[in-house]
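Report on one structure; see the data block that follows.
Keep in mind that this is a model prediction, so the values were computed, not measured. Note that ligands are numbered from 1 as they come in the structure, with each ligand's atoms numbered from 1 the same way. All residue numbers refer to positions in the sequence shown, counting from 1. Values reported hereafter were calculated over all heavy atoms of this structure, with side chains retained and with hydrogens, waters and symmetry mates removed.
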Amino acid sequence: MNLRTDLPAIAFIDLAAQRRRLGSAVDTAIARVVDHCQFILGPEVRTFEAELAAFCGAKHVVSCASGTDALVLALRARGIGPGDAVICPSFTFCATAEVAALVGATPVFVDVDETTFNINAKAIAGAIETAKGLGLKPKAVIPVDLFGLAADHAAVAAAAEAEGLFILDDAAQGFGATFNNRRLGTFGHATATSFFPAKPLGCYGDGGAVMTDDAEMADIMRSLRMHGHGSDRYDNIRIGLASRLDTIQAAVLIEKLKIFPDEIIARDRVARRYADGLADVAITPTVPAGMTSVWAQYTLRVSGGRRDALAASLKAEGVPTAIYYPIPLHLQTAYKHYPVGKGGVAVSARLAGEVISLPMHPYLDEPTQDRIIAAVRRALKAA
Ligand SMILES: *Cc1c(COP(=O)(O)O)cnc(C)c1O
């Protein structure tokens, strides 16, 4: 309930503002596809894949129907399945672990770092040990670039090396961010991203892509996204999926990619103003040296059980918030029977009770942001 009916409503993510900026460009692009009628794997899909590869520096981009499918395609291309363990953080969106289960493998949960919210690479060795103890073969690790911040990809690579783990970066929230001055899409063996509308680079429906430098793996994923075709469409050499990025969505994404670098700068500006206005009253996110964030979410930590009261006060002032994520995966109904790596997941469990995300998008203007900051300060001082 917005008690401040005298003030305009605040958007948590303002896709309409972006649409106003794009003007008629997207409509024209969509109209072109409707005219040429190549709705599946039309020319815009190839163009977008090439532009995305150039943007992030990956050699190959295979677009598909969603971020979840992107993760599935990569695991399937590597032959990961029953009897295999896939290590992933517990504090993430469910799709990260869901894909391991979908291919028949077993997700093994590890903890995250409490300042970055990203996978604690030091916990990977313990999860490998746990997996082996259960008779599973540790095959892959899925670091997540949560809330837009790059994970510590150097530490993950070092931890994965001894066991030869396949590293699949889940950059659904972090695509566009950098690690050591390189954009995500080039770390690990493959990177998956999502174009769900609310992601930093979203389309007007569902979409996703996998990036890799491995040409053979890219070929297998192109086959898998189209029913496992071989030399032609009616030659079926593997069991695949129907998972293409719609040509219309590719056309939308070509236009959105043009403004994405500028939007990343705008997101960073918003994040800096939040930090300036709130760092003395809440734990604001920090970006370690050598990393950047695209701020898919701006997530505060409020300790001492005050989080829910803060959410309620902000709601009363017309400030929308969201809890990402209220239940860590190892406690979710669908996932609680899967193993937790030696070392536990205490940080994930604690964060779920402390995090709260504020409105964040590239078009959040300063007066609106000041209203949010003032409301958070008032609420936390009263608590
Ligand atoms: C959104 C998201 C996904 C899944 O993307 P979809 O396009 O919605 O399937 C996977 N992992 C993470 C971390 C996400 O945030």
Validation: residues 155-167 side-chain donor-acceptor distances under 3.5 Å, sequence neighbours left out:
residue : atom : partner : partner atom : Å
Glu163  : OE1  : Lys132  : NZ           : 3.1
Glu163  : OE2  : Lys132  : NZ           : 3.0

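Judged by the 6.0 Å and 45° rule, Lys256 forms no cation-pi pair with Phe55. Cation-pi contact between Arg182 and Phe187: present, with separation from the ring centre below 6.0 Å and deviation from the ring axis of at most 45°.
Using a heavy-atom distance under 4.0 Å as the criterion, the protein contacts of ligand 1 are Ser66, Gly67, Thr68, Thr92, Phe93, Ala95, Thr96, Val144, Asp170, Ala172, Gln173, Ser194, Lys199, Gly207.
As a member of the Ile/Leu/Val/Met/Phe/Trp/Tyr network built from side-chain separations under 4.5 Å, Ile327 groups with Leu331. Phe196 belongs to no multi-residue hydrophobic cluster, having no ILVMFWY side-chain contact under 4.5 Å with any other such residue.
Judged by distance alone, the side chains of Ser313 and Arg378 never bring a donor and an acceptor atom under 3.5 Å apart.
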